[in-house]
Amino acid sequence: MTPTAPKPPFYITTAISYPNGVPHIGHAYEFIATDAMARFKRLDGHDVFFLTGTDEHGQKMLHTAQKEGITPLALAKRNSDFFQATQDKLGISYDRFIRTTEADHYAAAQAIWKRMEEAGDIYLDKYEGWYSVRDEAYYGEDETVVREDGKRYSIETDTEVTWTEEESYFFRLSAYQDKLLKLYEDQPDFAAPRTRFNEVISFVKGGLADLSISRTTFDWGVPVPGSPKHVMYVWVDALTNYLTGVGFPDTGTDSYRKWWPADVHVIGKDISRFHAVYWPAFLMSAGLPLPKRVMIHGHLYNQGVKMSKSLGNVIAPADWVQQYGLDQMRFFLLREVPFGADGSYSHEAIVGRMNADLANNLGNLAQRSLSMVAKNCAGQVPQPATLAPEDHELLARTERLLEKSRAAYEVQDFHGSLEAIWSVLGDTNAYFADQAPWVLRKTDVERMNTVLYVTLEVLRIVSILVQPVMPTSASRLLEVLGQPEGEARDFAAIGTALVPGTVLPAPQPIFPKYEEPAAD
RNA sequence: GGGGCGGUAGCUCAGCCGGUCAGAGCAGAGGACUCAUAAUCCUUUGGUCGUGGGUUCAAGCCCCACCCGCCCUACCA
């Protein structure tokens, strides 16, 4: 093996979830996409740190806990554990599951606060307006209306509001407009996809008001340093988790120096502003390096309809795992929806992918070729003869998939990578039918061996490339292809062809077809 | 109100700076084959590329207006 230059470390995060409920398919989507990215980079030889977790403070958590008669910490622990268990069930390969109630996070949040304060960007003022307790939000005069009962209501949410004045610390976000716009200009890939990024930019261009960043109306949060009656309001607390996760505030540690700044923050479109505006502003103020990219994914709809509790169409990730299988579910989510766009799912769409793409195109190709090898080649990788032009061509196309996938994953285009891979699988099925090794068996065994060998090679490379998306199934495929765990399954091994004579285990179907339960 | 995105075969969508751009996959139809998870392969179905104008030798691809869907934004009760 020739020594290669070490590849740069890769630090990736999901948004941390608010565990005031249970995870749904949208959470799973983000976890799975981020996980695929992390696995891809590991297989490509990078050191990866993958952070995920839960954001546990705030009034809603407090209320829910009170309602249940438990402490907010107990609630947070219970629900956070459930989120973590769900991630484990989804095969998420996180390196740390962070909880904002952990001691090191308090230290980190207070440290970044102090840095921003020292930079002169935090000041004390009053926050006033029409406050809705239920919405935990302030509304402008124009966003409210006085009803017949003489009370004032929020127009948008139809909840009662009261005039409230609250002492609050503010962050001087207004001072960062130009710096942010320069950042966006200098780093056109700072946020993606472009349409989402444009929304962010136009928001910043429209002018930035200073941001209220503390609360005194409740105490379930990180105390503001030197001002204990204030707790930090959501964003300073939550966003800082990305720093806490790798060792901040101790900026001298190996961990911090190795991982920060993050390479990619994967988030949903609902929180793009916080990640693409507030977060870089906070970091600039604190004098810390900025993350390289904020990847904004879309939302998933149930047959085009938004998920909601009232409609009863919220899907629990575990239900899908049970019904379709984990890898099938992971594949569907990443193959069906271009990452960044909104997507839609339906039972029919999932079954279509499961059966057409997985069971038929990939699973059956493996089964038919491996069965022939088992029966006609003594269960060993056959010895190919001189390769024909069509063999070379197919293999070349397959080998190109590595570069294509790298380019796709670089911009979190999972869908693009999978599309390219399945296109080659289509070519391979056509090749197999065209070469007809079952005919060659009687006419030209040497050629049959070659065709089977080439087909196995395609399967080997495809299996390696598909590991980030379907870790378990890909592993089983590689097993039946005689590829032991470890180096042979890294991307670096893609150029190392199968060794003729390698003994292969008896083939067995890996991607079951979905059968509708008998209805009546 | 301002800004943006999308409206292409039944379904999901490709179509970059205008000139094989009328395409792919899935579904449907016909045929072939039998190695395989009744899988696979081949052929195939003709959709006025949202509507109406305009620019051009030439327009899904440019311009204008309009319709529909979605999103961002705004101190218009």
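Numbers restart at 1 for each chain; the letters A, B, ... are given by sequence-line order, proteins then strands.
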field: Euclidean distance for C1', B:C41 against B:U34 (whole angstrom)
entry: 11 Å
Report task. Write down the distance separating the C1' atoms in B:C26 and B:G69, rounded off to the nearest Å. Result -> 24 Å
Applying the Watson-Crick and G-U criteria (both distances under 3.5 angstrom) with [ ] for crossing and | for other-strand pairs, one obtains for RNA chain B (((((((..((((.........)))).(((((.......))))).....(((((.......))))))))))))....
Regarding B:G15, purine or pyrimidine glycosidic angle vs 90° from 0 gives anti
query: Which whole number of Å gives the distance between the C1' atom of B:G54 and that of B:G18?
result: 15 Å
Taken to the nearest whole Å, CG/A:Asp357 to P/B:A39 is 14 Å
When you compare B:C61 with B:U20, how far apart are their C1' atoms, in angstrom units rounded to a whole number? 15 Å
Between A:Thr216 and A:His230, do the side chains contain an N or O donor and an N or O acceptor separated by less than 3.5 Å? no
Any side-chain N or O of A:Arg441 below 4.0 angstrom from OP1/OP2 of B:C35? yes
Parallel, tilted or perpendicular: which describes the rings of A:Trp422 and A:Phe331, with under 30° parallel and over 60° perpendicular? tilted
note: A:Lys205, atom NZ; B:A74, atom P; distance rounded to Å ~ 16 Å
Taken to the nearest whole Å, CG/A:Leu459 to P/B:U40 is 15 Å
Is A:Ile510 touching bases, backbone alone, or none of the nucleic acid, heavy atoms closer than 4.0 Å?
-> base
When A:Leu425 and A:Trp438 are each assigned the nearest nucleotide of RNA chain B, the 5'-most assignment goes to A:Trp438
Looking only at B:U40, B:U37, B:C71, the nucleotide nearest the A:Pro509 side chain is B:U37
### Message
Taking the P atom in each of B:A9 and B:U45, what is the distance between them to the nearest angstrom?
### Response
16 Å
Atom P, compared across B:G1 and B:G52: separation rounded to whole Å: 25 Å
Margin query: Please classify the nucleic acid contact of A:Gly363 as base, sugar-phosphate, or nothing, using heavy-atom distances under 4.0 Å.
Written below: base
Base B:A36 paired with A:Asn364 side chain (donor-acceptor, <3.5 Å)
yes
Separation of B:G25 atom P from A:Asn355 atom CG, nearest Å, is 19 Å
Self-check item: Separation of the C1' atoms in B:C62 and B:C72, to the nearest angstrom
Solution: 26 Å
Side-chain atoms of A:Thr195 come closest, of B:A36, B:C33, B:C5, to B:C5
- Query: Counting only N and O atoms by type, is there a donor-acceptor contact under 3.5 Å from the side chain of A:Asn449 to the main-chain atoms of A:Pro384?
  - Reply: no
(request) Kindly say whether the aromatic ring centers of A:Tyr242 and A:His275 come within a distance under 6.0 Å. (result) yes
A:Asp270 CG to B:C71 C1', in whole Å, measures 13 Å
Closest of B:C35, B:U37, B:C41 to the A:Arg368 side chain is B:C35
A:Leu362 atom CG is separated from B:U37 atom P, nearest whole Å, by 15 Å
Here the distance between atom C1' of B:G6 and atom CZ of A:Arg194, to the nearest Å, is 19 Å
Of A:Glu199 and A:Phe432, the one whose nearest nucleotide on RNA chain B sits closer to the 5' end is A:Phe432
**Request:** Scan A:Ala430 against the nucleic acid and name what it touches under 4.0 Å (heavy atoms): base, sugar-phosphate only, or nothing.
**Result:** sugar-phosphate
Discussion item. Please verify the inter-ring angle class for A:His297 with A:Phe339; under 30° counts as parallel, over 60° as perpendicular, anything in between as tilted.
Written reply: tilted
Notebook entry, point to check: What does A:Asn360 touch in the nucleic acid at a heavy-atom separation under 4.0 angstrom: a base, only the sugar-phosphate, or nothing?
Noted result: sugar-phosphate
**Prompt:** When you measure from the centre of the six-membered ring of A:Phe332, is the NZ or CZ of A:Arg353 under 6.0 Å away and within 45° of the axis?
**Reply:** no
Taken to the nearest whole Å, CD/A:Gln435 to P/B:U34 is 16 Å
### Message
Heavy atoms only, 4.0 Å cut-off, all strands: where does A:Lys375 land among base, sugar-phosphate and nothing?
### Response
sugar-phosphate
Any non-hydrogen side-chain atom of A:Trp235 less than 4.5 Å from a side-chain atom of A:Phe171?
no
Checklist entry - When you compare B:G7 with B:C16, how far apart are their P atoms, in angstrom units rounded to a whole number? => result 11 Å
query = Which is true for A:Asn361 with a 4.0 Å heavy-atom rule: it touches a base, it touches only sugar-phosphate, or it touches nothing?
reply = sugar-phosphate
Mind telling me whether A:His24 and A:His27 have parallel, tilted or perpendicular rings, with 30° and 60° as the class edges?
-> tilted
Quick note, A:Phe203 side chain, CB onward, closest among B:A74, B:C35, B:C41 is B:A74
_Parallel, tilted or perpendicular: which one describes the rings of A:Phe170 and A:Tyr123, with boundaries at 30° and 60°?_
parallel
query = Are side-chain heavy atoms of A:Leu290 and A:Pro261 found at a separation under 4.5 Å?
reply = no
